[in-house]
Amino acid sequence: ADCLSKDVWIWFAFIGAVGALLAFDLGVVNKKDHEIGINESLSLSAFYIAIGIGFSAIIWALYNNASATASIDPQLLAVSGPERAWTAVQLYLTGFAVEKTLALDNVFVISLVFTYLAIPRIYQHRVLFWGIIGVIVLRALMIGLGAVLVSQVSWILYVFGAFLIFTGLMMLRKDDAAEDMSQNKVLLWLKRQMKVTPELHGNRFRVQLPDPKTGKLRWVATPLLLALLFVEIVDVIFAVDSVPAIFAITSDPYIVYTSNIFAILGLRALFFALSAMVHRFHYLKYALAATLVFIGSKIFLGDFFENGKFPALWSLGITMGLIGSGVVYSLWKTRSGASKDAPAT
């Protein structure tokens with residue numbers, strides 16, 4: 001129960017709200033397969049970002065009325081209701097911003113695999129929609145495991161911190177050359193595990209085709225299913241960075257999970273706009289690397305503060321400053337007339 005930090009009904013209410021959003025997305029906004037343009041993508045993304053930021057009001061209400069011991073995060077213990085609520089909001093917004101930025105790497109890789117597999121834009125939303133269902137479940141499992149570890153093994157946060165610092169430094173050394181998807185290990189492994197048709201069959205993930213040897217019908221995967229499985233596996237790989245990052249910000253499972261899911265929901269909507277201007281965010285990786293190093297360092301710097309934690313307001317300000325400056329610099333550096341100076345991605 002301690003690892004949940006909130007009553008079970010509060011968790012189910014959040015999951016129900018996410019389910020309603022997804023049902024609205026599939027049943028109303030995208031009832032029929034269609035190409036999502038940049039304007040629609042930006043509008044949907046603004047909608048999800050507004051909901052994600054607006055959820056901070058729910059966080060404030062929940063933590064203002066919560067018991068002082070209803071969290072495993074020291075930052076939320078033994079403080080008054082309003083102070084606890086405001087701290088929880090700061091932690092949530094910091095996590096939301098970091099997870100949103102970290103997820104940008106997913107966009108770049110998914111965009112490459114869609115191009116390599118020749119997935120038309122009209123079917124890309126279908127892959128991303130069903131992909132998010134798997135992400136919600138996988139992130140819940142990984143965050144649940146992380147919450148248990150943090151509550152039972154106090155020093156695990158120092159391991160997370162060191163890992164994030166290492167990851168940030170490695171990101172600075174990462175080769176800028178575009179990845180050759182034909183040699184991607186995940187795709188090669190998936191192709192070895194199942195038969196895949198060379199062409200698409202509409203919006204279907206599997207089709208029945210006659211076996212070349214026996215003539216009997218059998219189920220065969222289409223490139224659409226290959227892309228979907230790739231999206232799921234890639235999210236698990238990227239979660240190795242993002243889950244420690246959010247736990248380095250707060251060990252409260254409810255804030256960790258809600259900030260994760262809202263960041264991912266919004267990014268799926270923004271994919272179609274971002275994939276069309278990936279080159280404009282080339283320099284954001286330096287800001288992201290600095291953010292990871294900062295978040296990892298906070299674990300060790302916290303020992304110098306009274307409650308053992310780096311102040312939440314400072315963390316929010318520095319994180320937003322790093323990410324914001326990275327976005328602005330990247331857009332300025334790759335502006336019209338200067339984009340030719342940016343390295344290829």
Side-chain angles (χ1 to χ4, degrees), residues 3-6 8 10-23 25-26 48 51-52 55 92 95-96 98-114 119 124-151 156 159-160 163-164 167 184-187 189-190 193-194 205-206 221 224-271 292:
C3 292
L4 291 176
S5 83
K6 286 284 169 284
V8 173
I10 295 177
W11 283 93
F12 276 115
F14 173 73
I15 293 171
V18 171
L21 279 172
L22 291 173
D25 189 316
L26 185 64
Y48 278 112
I51 290 179
F55 190 76
Y92 168 79
F96 178 75
V98 169
E99 292 301 311
K100 175 77 76 177
T101 310
L102 280 170
L104 287 175
D105 271 351
N106 294 42
V107 170
F108 302 153
V109 176
I110 292 170
S111 178
L112 287 175
V113 80
F114 279 167
I119 306 296
Q124 289 177 9
H125 178 272
R126 179 174 170 82
V127 173
L128 294 171
F129 175 86
W130 290 108
I132 196 65
I133 303 295
V135 168
I136 289 172
V137 175
L138 291 171
R139 287 295 173 100
L141 294 174
M142 297 184 75
I143 288 170
L145 176 61
V148 172
L149 284 173
V150 170
S151 64
I156 196 69
V159 175
F160 286 171
F163 175 74
L164 290 173
T167 301
N184 182 275
K185 293 180 180 179
V186 173
L187 276 178
W189 181 81
L190 284 172
Q193 306 308 309
M194 59 187 182
F205 290 113
R206 295 193 308 159
L224 220 58
L225 180 59
L226 185 61
L228 174 61
L229 294 176
F230 180 85
V231 168
E232 300 289 5
I233 294 174
V234 163
D235 181 73
V236 172
I237 294 171
F238 280 105
V240 173
D241 289 342
S242 65
V243 171
I246 188 65
F247 271 107
I249 294 168
T250 175
S251 52
D252 185 279
Y254 192 75
I255 296 177
V256 168
Y257 189 62
T258 53
S259 61
N260 249 266
I261 297 306
F262 274 125
I264 293 168
L265 282 174
L267 197 78
R268 180 180 53 85
L270 189 57
F271 171 83
L292 288 178

Peer 1: Checking V236 now: which residues fulfil side-chain contact (heavy atoms from CB on, under 4.5 Å) with it, not counting sequence neighbours?
Peer 2: L138
Peer 1: Looking at Q124 and F114, would you say the former's side chain and the latter's main chain have a donor-acceptor pair under 3.5 Å?
Peer 2: no
Peer 1: Measure the acute angle between the ring planes of F247 and F160, then classify it against the limits of 30° and 60° as parallel, tilted or perpendicular.
Peer 2: tilted
Peer 1: Compare all side-chain heavy atoms of V113 with those of V234 and state whether any distance is below 4.5 angstrom.
Peer 2: no
Peer 1: Using every non-hydrogen atom in the two residues, find where L292 and A245 come nearest and quote the distance to one decimal.
Peer 2: CD2-CB, 4.4 Å
Peer 1: What is the distance from atom OH of Y254 to atom CD1 of I10, rounded to the nearest 0.5 Å?
Peer 2: 6.5 Å
Peer 1: How many angstroms lie between atom CD1 of I133 and atom CD of E232, to the nearest 0.5 angstrom?
Peer 2: 9.5 Å
Peer 1: Which residue pairs pass the salt bridge (Lys or Arg N to Asp or Glu O under 4.0 Å) test when at least one of the two sits in residues 131-148, sequence neighbours left out?
Peer 2: E99-R139, R139-D235
Peer 1: Looking at side-chain heavy atoms only, is the closest gap between I246 and V98 below 4.5 Å?
Peer 2: no
Peer 1: V231 vs W130, test: side-chain contact (heavy atoms from CB on, under 4.5 Å). Steps then yes/no.
Peer 2: CA-CA 10 Å; V231 168; W130 290 108; over 6 Å; no
Peer 1: For N260, which of L265, I143, I255 qualifies under side-chain contact (heavy atoms from CB on, under 4.5 Å)?
Peer 2: I143
Peer 1: Give the minimum heavy-atom separation between L187 and N184, together with the two atoms involved.
Peer 2: N-OD1, 3.1 Å
Peer 1: When you look at V256 and I249, which way does the side-chain contact (heavy atoms from CB on, under 4.5 Å) test go after all the steps?
Peer 2: CA-CA 9 Å; V256 168; I249 294 168; over 6 Å; no
Peer 1: Are the side chains of Q193 and L229 in contact, using a 4.5 Å heavy-atom criterion?
Peer 2: no
Peer 1: With a 4.5 Å heavy-atom cut-off, do T250 and Y92 have their side chains touching?
Peer 2: no
Peer 1: Counting distance only, does the side-chain N/O of Y257 pair as donor-acceptor with the main-chain N or O of W11 below 3.5 Å?
Peer 2: no
Peer 1: Considering residues at least two apart in sequence or located in another chain, which fulfil the side-chain contact (heavy atoms from CB on, under 4.5 Å) criterion with I233?
Peer 2: V186, W189, L190, I237
Peer 1: Rounded to the nearest 0.5 Å, what separation is found between the CG atom of D241 and the CG atom of L164?
Peer 2: 7.5 Å
Peer 1: Identify the heavy atoms of P244 and A239 that sit nearest to each other, and give their distance.
Peer 2: CD-O, 3.6 Å
Peer 1: For the residue pair S242 and L102, what are the closest heavy atoms and their distance?
Peer 2: CA-CD1, 3.7 Å
Peer 1: Using a 4.5 Å cut-off on heavy atoms from C-beta on, say whether the side chain of I264 contacts that of K100.
Peer 2: no
Peer 1: Check ring-ring contact (aromatic ring centres under 6.0 Å, His included) between F262 and all other residues, then give those that pass, not counting sequence neighbours.
Peer 2: F14, F55
Peer 1: Please report the interatomic distance CD1(I261) to CG(L21), rounded to the nearest 0.5 Å.
Peer 2: 11.5 Å
Peer 1: Ignoring hydrogens, what is the shortest heavy-atom contact between A147 and P253? Give both atom names and the distance.
Peer 2: CB-CG, 3.8 Å
Peer 1: Find the distance between CD1 (I110) and CG (L128) and round it off to the nearest 0.5 Å.
Peer 2: 6.0 Å
